[in-house]
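Right, one structure below, let's go through it.
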Amino acid sequence: MAVTNLPTCDGLFIISLIVIVSSIFGTSSAQLNATFYSGTCPNASAIVRSTIQQALQSDTRIGASLIRLHFHDCFVNGCDASILLDDTGSIQSEKNAGPNVNSARGFNVVDNIKTALENACPGVVSCSDVLALASEASVSLAGGPSWTVLLGRRDSLTANLAGANSSIPSPIESLSNITFKFSAVGLNTNDLVALSGAHTFGRARCGVFNNRLFNFSGTGNPDPTLNSTLLSTLQQLCPQNGSASTITNLDLSTPDAFDNNYFANLQSNDGLLQSDQELFSTTGSSTIAIVTSFASNQTLFFQAFAQSMINMGNISPLTGSNGEIRLDCKKVNGS
């Protein structure tokens, strides 16, 4: 979902990290629950949904952008809204990390949601829960599945710029590297393929995939797994030395609908990002069978996606007396 470089890691370190994070994952996820705001802000979900509906009228991409914020947040220190914090004298914002700078968007809509919630129930709903609720609303409003969002997260007091640069999966790294990054936060291969299906809507910049168009991996040739017709189209859209900020649809067929066409695209080598196409084109990978099953059965994909979003939303949340409920998602209270 973003561009960053993966540092080499000692294998034992990765295994230890998986064990540690998995134990945290298993403990803290149980503290979240579906009725957390039933007494304090019973209309929270409806407020989030209506604000996104309004935003969609002028920005058809906003749903995909909001779910990407949740994804990029949860992979760095867990789902704690650290991605929303601006730079201060003591905070280096994750917004400036390679995966986020000039590409993460939707912060204004998050602010609008938070303002509406503060008007309805001041100091109650956390910014990290806003991201979780916004993701579910964005998917369901685009024709995708609905799921029961577990709530009760609190917001971080700081950000982790270095973590954002190293932990967020990149569209230009290998499937094995991305699998390691998912494993490090307690997510498995099925989660990886299901969550990649979020690329069934939204856009991507030329700078995220132009490595495939002319000189793939230093070969002097395009990525051989890229459909030749799509290749020609993309080379015209993103010429060598052209603008890296030009955008195109992640899903060629139904760019603003949440469906399983993304997986059919992979089967015809029409995956836009390298990380997407590798799910189907990596010889011998267990991901191939999962892609095939999701391509042939949208209901199966929807069920898996909903569960994987719940799994991702359970990554190391702050609960109880940890963190705070930020009144402004961009800054720590009192700053």
Side-chain angles (χ1 to χ4, degrees), residues 24-25 27-53 55 62-63 65-85 94 104 106-141 145-160 185-186 195 198 305-333:
I24 296 173
F25 169 84
T27 301
S28 54
S29 64
Q31 298 175 16
L32 303 180
N33 66 80
T35 59
F36 190 82
Y37 298 114
S38 60
T40 54
C41 196
N43 295 325
S45 182
I47 290 170
V48 172
R49 187 179 181 91
S50 64
T51 307
I52 294 173
Q53 282 179 307
I62 195 61
S65 297
L66 290 170
I67 197 172
R68 186 169 182 262
L69 286 180
H70 186 38
F71 181 96
H72 284 206
D73 179 47
C74 290
F75 270 71
V76 183
N77 289 12
C79 307
D80 62 358
S82 58
I83 194 173
L84 303 178
L85 289 170
E94 293 170 21
F107 298 106
N108 60 322
V109 177
V110 172
D111 289 339
N112 291 342
I113 293 170
K114 181 61 173 172
T115 297
L117 287 168
E118 286 300 307
N119 289 337
C121 32
V124 172
V125 182
S126 68
C127 298
S128 46
D129 277 348
V130 166
L131 292 179
L133 288 166
S135 295
E136 190 279 333
S138 296
V139 170
S140 61
L141 285 168
S146 295
W147 61 91
T148 300
V149 181
L150 302 182
L151 301 164
R153 301 168 191 80
R154 290 167 63 85
D155 301 324
S156 67
L157 303 177
T158 189
N160 185 354
V185 292
L195 292 173
F305 184 84
Q307 184 58 57
S308 291
M309 284 298 297
I310 293 170
N311 295 345
M312 187 184 78
N314 284 341
I315 298 172
S316 304
L318 298 171
T319 58
S321 60
N322 295 315
E324 66 179 12
I325 306 299
R326 276 186 230 142
L327 304 180
D328 181 341
C329 292
K330 299 186 297 296
K331 60 184 183 180
V332 173
N333 294 342

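Both backbone and side-chain heavy atoms feed into the values below; hydrogens, waters and symmetry mates do not.
A side-chain donor-acceptor contact under 3.5 Å links N33 to the backbone of F36. Judged by distance alone, the side chain of K330 and the main-chain N or O of F107 form no donor-acceptor pair under 3.5 Å.
A donor atom on one side chain and an acceptor atom on the other are found under 3.5 Å apart for D155 and S128. Between the side chains of D129 and Y37, at least one donor N or O lies within less than 3.5 Å of an accepting N or O.
Residues C121 and T40 approach most closely at CB-O, 3.6 Å, considering heavy atoms. Taking every heavy atom of both residues into account, L85 and L157 meet most closely at CD1-C, 4.5 Å. Looking at every heavy atom in both residues, G123 comes nearest to L327 through CA-CD2, 3.8 Å. Between L66 and G106 the shortest heavy-atom distance is CD2-O, 3.8 Å. Shown here for V125 and A44, the closest heavy-atom pair between the two residues is CG2-CB, 4.2 Å. Between I325 and N333, the shortest heavy-atom distance links the atoms O-ND2, 3.0 Å.
Once rounded to the nearest 0.5 Å, the distance linking CG of L318 with SG of C79 reads 10.0 Å. From F71, atom CZ reaches atom CD1 of I83 across 10.5 Å, with rounding to the nearest 0.5 Å. Here the straight-line distance linking atom CG of N322 with atom OG of S316 works out to 11.5 Å at 0.5 Å rounding. Annotation: the span from T158 atom OG1 to E94 atom CD amounts to 8.5 Å, rounded to 0.5 Å. The distance from the CZ atom of R326 to the NZ atom of K114 is 9.0 Å, given to the nearest 0.5 Å. A distance of 10.0 Å separates OG in S308 from CH2 in W147, rounded to the nearest 0.5 Å.
A salt bridge is absent between D80 and R154: the closest approach of a Lys/Arg side-chain nitrogen to an acidic carboxylate oxygen does not fall below 4.0 angstrom.
Within the 4.5 Å cutoff, no side-chain heavy atoms of M312 are placed close to those of I310. Counting only heavy atoms from C-beta outward, the side chains of D73 and L69 never approach each other to under 4.5 Å.
In this structure, S135 has no side chain to side chain donor-acceptor pair (under 3.5 Å) partners at least two apart in sequence or on a different chain.
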